Amino acid sequence: MKNLKNVLIGFTLLIVIWQLIIIVGNYEEALLPSPLKVGEAVLSIILNGTFFVHLQVSFMRFFIGYLSSVVIAVILGLILGRLARLWAIIDPIVQVIRPVSPIAWSPFIVLWFGIGDIPAIVIIFIASFFPVLLSTVSAVRKIDKTYLRVAQNFEIKQPQLMWKIIFPASFSYIANGLHIALGAAWIFLVAGEMVGAQSGLGFLIVDARNSLRLDIVIAGIIFIGICGLILDKGIKLFERWVEKHWGGLESSAN
Amino acid sequence: MTNQSPIISVNKITKTFFNRGQPQKILDQISFDVQRGELISILGKSGCGKSTLLNLIGGFDLEKEGEILLDGQVVNQPSRRCVMLMQNYGLLPWRSVLKNVELPLENTGMSKKEIRERAKYYLHMVGLGDKLDAFPKELSGGMQQRVAIARAFVIQPEVILMDEPFAALDAFTRYYLQDELIKIQEKENTTILLVTHDIDEAIYLSNRIFMLSANPGRIYQELKIPSSRPRDRSSLQFQKYREIIFRNFHFNHPIAPIELNV
């Protein structure tokens with residue numbers, strides 16, 4: 001309740017300052033739309049359904065990109081985490097590629113995958129890939145040796161060793177990587193949809209800019225922010241569930 | 001092989017660690033045999049190489065001089081026939097109690113139903129029949145150790161190695177679990193090799209006690225305790241064994257004051 005009050009105070013302040021800037025600076029609507037105008041835009045794109053069309057497309061791309069990335073990165077991470085020699089060779093390459101914004105690949109992505117859903121999916125894939133890969137590898141390398149000894153003792157061999165011992169033992173760290181990747185992927189969703197897509201929340205913004213509807217641009221920004229927040233809350237719930245069932249990060253301690 | 005042959009045979013084991021390039025002998029020419037169904041304690045103060053010895057016997061550590069045989073075969077890897085009970089219990093926190101005990105049975109070709117029944121049987125045996133669905137962190141240390149004991153016995157290994165199994169428990173829980181251990185061991189006729197620094201524990205549980213000196217670790221005394229178990233911790237005979245052990249440690253460490261803890 002108190003939390004809600006703070007949220008209300010914060011946003012009221014934001015809107016007041018926003019309106020004040022417009023009044024004091026005497027800016028035109030075409031330069032900085034007023035809160036009221038944006039409110040109207042928000043309502044209109046909800047009511048005429050465009051928002052939901054774009055949201056649906058964006059979510060579809062987001063989950064395909066994110067989930068395929070997570071599955072591949074976790075599997076690769078589990079394997080590479082066990083192969084110290086190979087990881088020592090691959091790690092420097094990863095360290096060089098990782099800081100490159102996925103957008104930098106966009107010329108190639110458009111060249112190879114054309115336009116449509118795929119470029120956005122690929123960009124989301126790249127954005128979530130490295131956080132998950134790196135956290136999985138380090139989780140596997142940090143795994144409590146006791147679990148490996150227990151597995152050795154009971155003669156648990158691959159592939160059972162992987163999915164009965166190593167994966168669950170490193171899961172709470174991996175979940176951490178999933179969280180970071182989710183945020184990164186959502187940020188790059190918009191960028192991805194500005195590259196050769198004809199729909200989605202990112203496209204909504206580009207399209208509104210092209211027709212000089214800055215009120216809709218801001219409405220789009222608001223929606224992207226709220227959806228990102230909801231996703232973040234969702235994965236936090238997931239993490240809490242993981243912690244409950246897999247034990248917290250310190251579970252390996254005595 | 002007849003049943004008369006020793007289940008474990010340790011032949012002239014020497015273990016050297018390198019500390020900043022300096023060789024340091026942790027274990028020196030350790031030899032002993034363990035007969036089937038025996039409970040042996042290796043008694044020594046911390047740092048004398050007790051755990052190292054147990055790791056070597058379990059096949060977790062293979063770098064050594066000398067030879068270790070399990071039922072006549074050279075130990076060159078850990079095996080299900082010789083289960084190690086870890087100091088921190090080694091339970092998998094993401095599995096329920098029942099699932100933890102089922103773990104070692106899962107790749108044995110037994111049916112799901114058989115596995116479940118067997119796991120339940122051993123959990124009932126350690127008095128945890130009502131905790132099947134609990135998770136390890138919801139249990140006390142003593143209960144966790146009982147789960148670990150059930151998990152060790154469930155595959156009916158020939159040998160169980162225990163690394164200070166009750167050290168982290170309070171005295172009452174410890175006494176209780178020691179009794180439980182004796183009961184299960186007699187029922188299952190498992191050979192147990194136990195490492196401890198608790199003198200009373202060694203006397204209470206063991207058929208034989210090996211006393212290990214430190215730097216380098218050597219067995220300098222073997223003490224046979226022929227009386228039948230359970231034993232009376234306050235009996236005169238019990239005190240006699242304590243005295244022998246105290247005297248022995250005193251010989252080795254003449255300056256150290258003797259601490260009697262009951």
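Every value quoted in this text rests on a predicted model; they were computed, and no experiment measured them. In what follows, chains are A, B, ... by sequence order, proteins preceding strands, each numbered from 1.
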Chain A contact via [X] - side chain, backbone, both or neither, heavy atoms under 4.5 Å:
| X | answer |
| --- | --- |
| Met84(B) | both |
| Leu105(B) | neither |
| Asn100(B) | neither |

With a cut-off of under 6.0 Å to the ring centre and 45° to the axis, is Arg95(B) in cation-pi contact with Phe135(B)?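 Output no; distance or angle outside limits.
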So for atom CD, which belongs to Gln156(B), do other residues, nucleotides or ligands contribute more than 12 heavy atoms lying within a distance under 6.0 Å?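 Yes - once you tally the heavy atoms of other residues, nucleotides and ligands closer than 6.0 Å, there are more than 12.
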Identify which part of Gln160(A) has an atom lying under 4.5 Å from any heavy atom of chain B, answering side chain, backbone, both or neither.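 For Gln160(A), the side chain is the part near chain B, not the backbone.
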Could you give the side-chain donor-acceptor pairs of residues 82-94 of chain A under 3.5 Å, partners two or more places apart or in another chain?
unit_1, atom_1, unit_2, atom_2, d
Asp91(A), OD1, Gln95(A), NE2, 3.0

Ring pair (Phe, Tyr, Trp, His ring centres under 6.0 Å), paired with Phe59(A), selected from Phe52(A), Trp186(A), Phe223(A):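 Single pass found, and it is Trp186(A).
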